[in-house]
Amino acid sequence: MDLQVALDRIPLDRAVSITTAVAPRTDWVEVGTSLIKQFGQEGLRQVVAAAGRTPVLADLKTADDVRFEFETAFAAGARSVTVLGLAPQVSIDLAVQVTGEHDAELVVDLMGLTPQRIEELAERLPHHVRLAPHVSKDSQAGGQRPQDLLGAWSRGRRLALAGGLTAQDLPGLADEPELRVIVGSAVTKADDPVVAIEELRRAAGKDN
Ligand SMILES: O=C(CO)[C@H](O)[C@H](O)COP(=O)(O)O
C-alpha cells in the first residue's frame with residue numbers, strides 16, 4: 001500500500017511546511033483541488049520544490065480542456081494528474097493520451113458515477129490508469145466510505161481510495177498491493193502532521 005497526503009483548504013505557507021515535514025514519510029504528496037484553485041500553478045510549483053524527491057499529484061479534477069490543464073501542471077513539476085470520470089469520454093481518452101506523452105500517471109476520479117459507468121470505465125481504460133473510488137467532501141456526512149465502492153470491477157486494478165480516511169481504516173486495506181490510500185484532513189488538521197503520518201505508516205504496516 002502506498003500513502004498519499006492531500007493538502008486542501010490551508011494557506012500555501014502551511015502547505016509548504018507540511019510538505020517539507022511529511023514528504024520523506026509518504027509515497028506521494030497531493031496538491032488538492034482547493035489549493036490549485038486558490039494558488040494555481042505557482043502554488044503547485046512551491047509544493048513540488050518542498051517535496052524534493054517525493055512525487056506530487058495535482059488533483060485538477062479536470063472536466064474539459066485537458067491538454068492545457070495537464071500541461072500547466074506538468075510544467076510546474078507534477079508527476080500525476082486527475083480527470084473526472086464524469087467528464088465526456090473524449091476528454092478521458094485525451095487524458096490517457098496526454099499523460100502518456102508526458103510519461104505521467106493518470107488518476108480517474110470516480111466520484112458521482114453510477115456503478116454501471118464505473119464498470120464501463122474499468123473495462124475500457126488501460127491497466128496503467130489508476131482509478132479513484134472517492135467519497136466527495138459534500139457526501140462524506142452521509143457516512144459512505146470509499147472502500148464501500150470497491151467491487152468485482154476493482155480486482156487487479158490500480159486504485160486510489162479517498163474521502164475522509166483515517167489510520168483506523170488502513171489495517172483492513174493493508175493487503176491490497178495496487179492500492180494507494182489518500183489521506184487529507186487526518187494529516188492537515190492534526191496537531192502534529194508528522195505524528196499523524198507516522199501513525200498512518202504504522203497502520204499501513206509500512207514500518208513493521
Ligand atoms: O479530493 C479531495 C476532496 O475533493 C481530497 O483531497 C480527498 O477527499 C482527501 O481528503 P480528506 O481525507 O480530507 O477527505
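Start at 1 and go down the list; that is how both ligands and their atoms are numbered. In what follows, every heavy atom counts, from backbone to side chain, and hydrogens, waters and symmetry copies are set aside.
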May I ask you to decide if Leu131's main-chain N or O and Arg157's side chain share a donor-acceptor pair within less than 3.5 Å? no
How long is the gap from CZ on Arg158 to CD on Glu105, to the nearest 0.5 Å? 7.5 Å
Using a strict cut-off of 4.0 Å, indicate which atoms of ligand 1 neighbour a heavy atom of Glu30. 6 (O)
Trace of the side-chain contact (heavy atoms from CB on, under 4.5 Å) decision for Gln116 with Glu120: CA-CA 6 Å; Gln116 191 187 354; Glu120 190 181 75; 5.9 Å; no
Under 4.0 Å from any heavy atom of Asp8, which atoms of ligand 1 are there? 5 (C), 6 (O)
Would a distance-only check, ignoring hydrogens and angles, find a side-chain to backbone donor-acceptor pair under 3.5 Å from Thr26 to Val29? no
Looking at ligand 1, would Gln140 count as a contact under a 4.0 Å heavy-atom criterion? yes
Within reach of ligand 1, part of Val135 (heavy-atom separation under 4.0 Å): neither
Suppose I only count heavy atoms of Lys61 and a 4.0 Å limit; which atoms of ligand 1 are within that range? 1 (O), 2 (C), 3 (C), 4 (O)
Within the 4.0 Å heavy-atom shell around Gly163, which atoms of ligand 1 are there? 8 (O), 14 (O)
Taking 4.0 Å as the limit for heavy-atom contacts, which would you say applies to Ser185 with ligand 1: side chain only, backbone only, both, or neither? both
Can you sort out the partners of Ser185 under side chain to side chain donor-acceptor pair (under 3.5 Å), two or more places apart, ordered by chain and number? none
Roughly how far apart are Ile10 CD1 and Lys189 NZ, rounded to 0.5 Å? 11.0 Å
Stepwise side-chain contact (heavy atoms from CB on, under 4.5 Å) check, Thr166 with Val183: CA-CA 7 Å; Thr166 69; Val183 183; over 6 Å; no
Under a 3.5 Å distance rule, please check whether Thr54 uses its side chain to pair with a backbone N or O of Asp27 as donor and acceptor. no
I'd like to know whether ligand 1 has Gly164 as a neighbour, heavy-atom separation below 4.0 Å. yes
Going by the atom numbers of ligand 1, which of them fall below 4.0 Å from some non-hydrogen atom of Ala6? 6 (O)
Contact (N/O only, under 3.5 Å) between Gly184 and ligand 1: yes
How close does the nearest protein non-hydrogen atom get to atom 7 (C) of ligand 1, and which residue and atom is it? His134 NE2, 4.0 Å
With a 4.0 Å cut-off on heavy atoms, is Lys189 in contact with ligand 1? no
What residues, two or more places apart in sequence or in another chain, satisfy side chain to side chain donor-acceptor pair (under 3.5 Å) together with Ser136? Ser139
A student checking ligand 1 against Asp59 at a 4.0 Å heavy-atom cut-off should list atoms 1 (O)
